[in-house]
Number of protein chains: 2
Amino acid sequence: MRAKRASHDPGHGLGDVDGLLRSHGLRRTPQRQATLEAIAELSGHATAEQIAERVRRRLPTVSASTVYRTLGSLERVGALCHAHLGHTASVYHVGRAGLHQHLVCERCGALREVEASVTAGFAGELRRRFGFHANFTHFAVLGECRSCAARRPRSPGTPAGRRRGARH
Amino acid sequence: MRAKRASHDPGHGLGDVDGLLRSHGLRRTPQRQATLEAIAELSGHATAEQIAERVRRRLPTVSASTVYRTLGSLERVGALCHAHLGHTASVYHVGRAGLHQHLVCERCGALREVEASVTAGFAGELRRRFGFHANFTHFAVLGECRSCAARRPRSPGTPAGRRRGARH
DNA sequence: CTTCCTGCAAACTGTTTGCAGTCCA
DNA sequence: TGGACTGCAAACAGTTTGCAGGAAG
């Protein structure tokens, strides 16, 4: 990975995006450039809206649809990918899928990244027993983080009490 | 489970819903009755819309909002619960949460129920290592079913090809 | 100069909410 | 009777799409 770049690489660790675009017959546009930079700046998991806000600091008139289309294109060429962390909007991050997975607290929203190796054993079991190839990188593992679980000690049968903005 | 009923139990295996409602200060209405019967008839995992359609066979004017509010009430009193099987609408089913979990194929949508025991070991590991209490009953485990995985042999790095109506 | 790309507005799905009228207890 | 419940319409979030004009190559 990480092919050498001839020009225009802003050095955000995004790799040869220009080349990726070009090799897929896609154009390099200010909007796409700004989107890539925005994601790099946000350097984590960002929703389309957060990315759009960031993009508009540079190009104030970029529309939501362009952001969505751009994210789609960039994902298609392999420059980034998205994941679902619960009920809320999907989040995008740089790089290919499959590198890490997410544990998300349904109550406080806390996000913990874990290595793909963590789920490998379980995934193997599902594969052996059911022929099912689980993908824990695209959809998060939901549950309760340590502190939330401690705060509300196991009341059996209570289906994860509805809290705050947590519409389930 | 399956408390004895004094009256009105349609015998759908829904248990003492009347009592549940009453004990929560909620009323028994034709709409709620019809919703319960609809779910019992659908006897699986049904979306709010599927339930609404079924309800309207008996009460043609029931509105979507009533169905949603009814499902919410019934869930709050413990008569049913819902789960998320991917990008699509949530599905509702009779009974309390935590009894079974779902393996959902992201490509063909195939749904496989597995006993809660299947994930117990993995959940324990997450708890020990990260203090994270995973809940596999509310959010499904996504991936590829046996036949879809066979049809598209592992092309490494390809993030679950986009197909049919599968907007991710 | 020809595509691809963009912005705008509108549509869309799934779900929630405000309101005024209705009905159960 | 009074508060719970209902239907309607409107709003909501997140995302997609059709279209006409704009720009990359």
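Throughout, a chain's letter reflects where its sequence line sits, starting with A, and its residues are numbered from 1.
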Expressed as a whole number of angstroms, how long is the span from R56(B):CZ to dT6(D):C1'?
13 Å
Separation of dC5(D) C1' from R76(B) CZ (nearest whole Å):
13 Å
How close or far is atom C1' of dT3(C) from atom CZ of R22(A), stated in whole angstroms?
16 Å
Send over the distance from R58(A) CZ to dT6(C) P, rounded to a whole Å.
17 Å
Any N or O donor-acceptor pair under 3.5 Å from the base of dG25(D) to the side chain of R28(A)?
no
Nearest-angstrom distance from the residue atom OH of Y92(A) to P of dG14(D)
12 Å
Any S65(A) side-chain nitrogen or oxygen under 4.0 Å from OP1 or OP2 of dT16(D):
no
Rounded to the nearest 0.5 Å, what separates atom CG in L26(A) from atom CZ in R28(A)?
13.0 Å
For residues H100(B) and H93(B), establish whether the separation of their ring centroids is below 6.0 Å.
yes
Ring centre gap for F139(A) and H87(B) strictly below 6.0 Å:
yes
For the rings on H102(A) and H138(A), is their centre-to-centre separation under 6.0 Å?
no
Ignoring backbone atoms, establish whether R69(A) has a side-chain N or O less than 4.0 Å from OP1 or OP2 of dT6(C).
no
Integer-rounded Å distance: dA24(D) P and Q33(A) CD
12 Å
So does E41(A) pair up with R58(A), basic N to acidic O under 4.0 Å?
yes
OP1, OP2 of dG7(C) versus side-chain N and O of Q31(A): anything below 4.0 Å?
yes
Report which part of the nucleic acid T47(B) touches: base, sugar-phosphate, or nothing (heavy-atom distance under 4.0 Å, all strands).
nothing
Over how many whole Å does the gap from E75(B) atom CD to dT16(C) atom P extend?
10 Å
Whichever of T70(A) and A48(B) has the more 5' nearest nucleotide on DNA chain C, that residue is T70(A)
From the set dC24(C), dC5(C), dG7(D), return the single nucleotide nearest to any side-chain atom of L26(A).
dC5(C)
Spell out yes or no: do the side chain of R27(B) and the base of dA25(C) have one donor N/O and one acceptor N/O closer than 3.5 Å?
no
Please check the phosphate of dT15(C) (OP1 and OP2 only) for any side-chain N or O of Y68(B) closer than 4.0 Å.
yes
Look at T66(B) and dG7(D) and indicate whether a side-chain polar atom (N or O) is within less than 4.0 Å of OP1 or OP2.
yes
In whole Å, what is the span from the NE2 atom of H82(B) to the P atom of dG14(C)?
15 Å
Give a yes/no on whether any side-chain N or O of T29(A) is located under 4.0 angstrom from OP1 or OP2 of dT6(C).
yes
